[in-house]
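Okay, so here's the structure we're looking at.
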Amino acid sequence: MGGWAIAVHGGAGVDPNLPPERQDQAKQILTRCLNLGISALRSSLPAIDVVELVVRELETDPFFNSGRGSALTEKGTVEMEASIMDGPGRRCGAVSGVTTVKNPVSLARLVMDKSPHSYLAFSGAEEFAKQQGVEMVENDYFITEDNVGMLKLAKEANSILFDYRIPLAGMESCAASVESPITMNGMPISVYAPETVGCVVVDSQGRCAAATSTGGLMNKMSGRIGDSPLIGAGTYACDLCGVSCTGEGEAIIRGTLAREVAALMEYKGLNLQEAVDYVINKRLDQGKAGLIAVSNTGEVAYGFNCVGMFRGCATEDGFMEVGIWE
């Protein structure tokens with residue numbers, strides 16, 4: 001075994017005009033979450049527990065698009081989704097349409113551990129959460145002032161707003177106008193905000209795990225489900241690796257991106273970075289996305305084909321990196 005490794009992400013598709021103070025804030029959060037995971041790994045916590053722990057921390061901080069601070073639907077509400085997968089045995093759990101569960105990733109873990117199913121959604125997921133006694137909050141808890149303002153802009157905008165977390169003051173300089181709008185499944189969209197969060201871990205025993213959580217797209221249709229809760233698309237873990245994706249959900253779903261990384265390693269014998277690069281370059285068609293991954297031998301890798309991706313990674317031999325751009 002090559003020792004433990006961990007990677008986290010806070011989304012791909014970053015506004016190139018993101019103010020320096022927001023960049024610094026993002027890096028501080030990612031560093032804090034990495035250190036949390038590193039401490040857990042040094043304490044011999046299993047990989048599946050570490051990914052849940054780190055994603056819970058990301059869900060609690062309103063900076064990224066998961067848990068508190070989630071993107072708003074067209075109705076001004078929050079509908080969250082999350083998934084988690086344990087490489088040994090490929091056990092998994094996922095939830096969608098969650099509106100009152102404080103930490104959706106932990107509900108996904110309970111679906112995996114405490115239910116006969118792999119995926120629960122909307123009222124069924126909420127009912128299961130109550131049965132399991134998880135912490136519940138009002139939907140207003142997840143809604144931030146910035147997001148309310150950004151939803152208003154989203155409904156009025158004729159431009160792509162890449163980063164919905166940018167403060168409203170000075171917003172004009174942070175919107176990137178384009179002649180042709182971005183399309184999703186062939187339909188034009190006016191706002192693209194893919195700041196999903198995720199974590200992948202391999203522990204000192206070579207066990208891989210992955211978890212992903214998101215509020216989805218700003219101004220999305222109520223009931224829309226993205227890639228994050230879909231096993232094999234936004235999240236995947238097996239004996240070989242753990243993968244978490246972020247970006248244009250519909251493109252990630254079409255490419256079954258997370259599973260493709262594992263398949264290339266399993267069937268073609270590629271190493272982790274080779275598999276990640278192939279998937280990013282060959283499986284996204286016109287979509288924009290990124291992913292983080294670890295292997296059972298302690299490798300860590302990431303890739304993206306958009307302007308930037310909030311990410312951080314660390315390994316047992318002392319390597320640590322936190323970045324946004326190439």
Side-chain angles (χ1 to χ4, degrees), residues 7-34 55 58-59 61-67 69-72 144 146-147 149-151 153-154 157 159-178 181-182 184 189-200 212-220 226-228 234 244-252 257 276 280-281 284 286-293 301-313 321-326:
V8 298
H9 72 72
V14 185
D15 190 321
N17 297 309
L18 186 66
E21 61 270 20
R22 300 289 267 191
Q23 296 183 38
D24 291 342
Q25 187 179 356
K27 290 178 180 179
Q28 289 170 10
I29 296 167
L30 292 171
T31 300
R32 185 179 78 233
C33 290
L34 265 184
V55 172
L58 288 163
E59 287 175 340
D61 196 297
F63 187 88
F64 292 117
N65 176 18
S66 65
S70 283
L72 305 181
T144 63
D146 278 352
N147 285 356
M150 283 305 303
L151 179 63
L153 287 174
S159 61
I160 307 302
L161 306 180
F162 287 92
D163 196 314
Y164 74 87
R165 295 156 308 163
I166 296 172
L168 299 186
M171 186 63 224
E172 298 78 8
S173 66
C174 299
S177 298
V178 292
I182 288 177
M184 185 170 288
I189 59 171
S190 61
V191 171
Y192 180 47
E195 288 82 9
T196 297
V197 305
C199 179
V200 292
T212 311
S213 180
T214 190
L217 292 170
M218 180 67 71
N219 200 27
K220 68 181 180 181
D227 68 286
S228 296
S244 176
C245 300
T246 173
E248 185 184 333
E250 279 66 13
I252 296 170
L257 230 59
V276 168
I280 292 295
N281 293 325
L284 276 167
Q286 301 300 311
K288 299 296 183 183
L291 63 85
I292 54 174
Y302 63 84
F304 53 93
N305 68 347
C306 42
V307 176
M309 180 172 73
F310 297 104
R311 82 276 179 181
C313 53
E321 177 186 79
V322 174
I324 301 174
W325 318 110
E326 285 281 8

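Quick caveat: nothing in here was measured; it's all calculated off a predicted structure.
E321 pairs by the side-chain hydrogen bond (donor to acceptor under 3.5 Å, both in side chains) definition with Y302, not counting sequence neighbours. Checked against side-chain hydrogen bond (donor to acceptor under 3.5 Å, both in side chains), Q28 has no partners two or more places apart in sequence or in another chain.
In terms of heavy-atom proximity, A301 sits nearest to V276 at CB-CG2, 4.1 Å. Minimum interatomic distance between T212 and G234 (heavy atoms only, all atoms of both residues): OG1-O, 3.4 Å. Between V8 and C199, the shortest heavy-atom contact is CG1-SG, 4.0 Å. A pairwise comparison of heavy atoms in S213 and V55 identifies CB-CG1, 3.7 Å as the closest pair. The two residues W325 and G308 come nearest to each other via the heavy atoms CE3-CA, 4.1 Å. Here the shortest heavy-atom pairing between A289 and A12 reads C-CB, 4.2 Å.
Residues L257 and L291 have side chains in contact (heavy-atom distance under 4.5 Å, counting atoms from C-beta outward). Side-chain contact check for H9 versus T196: some heavy-atom pair is nearer than 4.5 Å. Between N281 and N305, every side-chain heavy-atom pair lies at or beyond the 4.5 Å cut-off. Put simply, the side chain of V197 does not reach to within 4.5 Å of the side chain of F310, judged on heavy atoms. You'll find the side chain of M309 reaches within 4.5 Å of the side chain of I292, heavy atoms only. A heavy-atom distance below 4.5 Å is not found between the side chains of E59 and F64.
From T31, atom OG1 reaches atom NZ of K27 across 9.0 Å, with rounding to the nearest 0.5 Å. A distance of 3.5 Å separates CD1 in I29 from CG in D61, rounded to the nearest 0.5 Å. Atom OG of residue S70 and atom CG of residue N147 lie 8.0 Å apart, to the nearest 0.5 angstrom. Here the OG1-NZ distance, from T246 to K288, works out to 14.0 Å after rounding to the nearest 0.5 Å. Once rounded to the nearest 0.5 Å, the distance linking CE of M150 with OG1 of T144 reads 10.5 Å.
Remark: E21 CD is packed, more than 12 non-hydrogen atoms of other residues, nucleotides or ligands lying under 6.0 Å away.
A side-chain donor-acceptor contact under 3.5 Å links R311 to the backbone of I324. Remark: side-chain polar atoms of N65 are paired, donor with acceptor, to backbone N or O of A71 under 3.5 angstrom. Judged purely by atom type and a 3.5 angstrom limit, D227 has no side-chain atom pairing as donor or acceptor with the backbone of A251.
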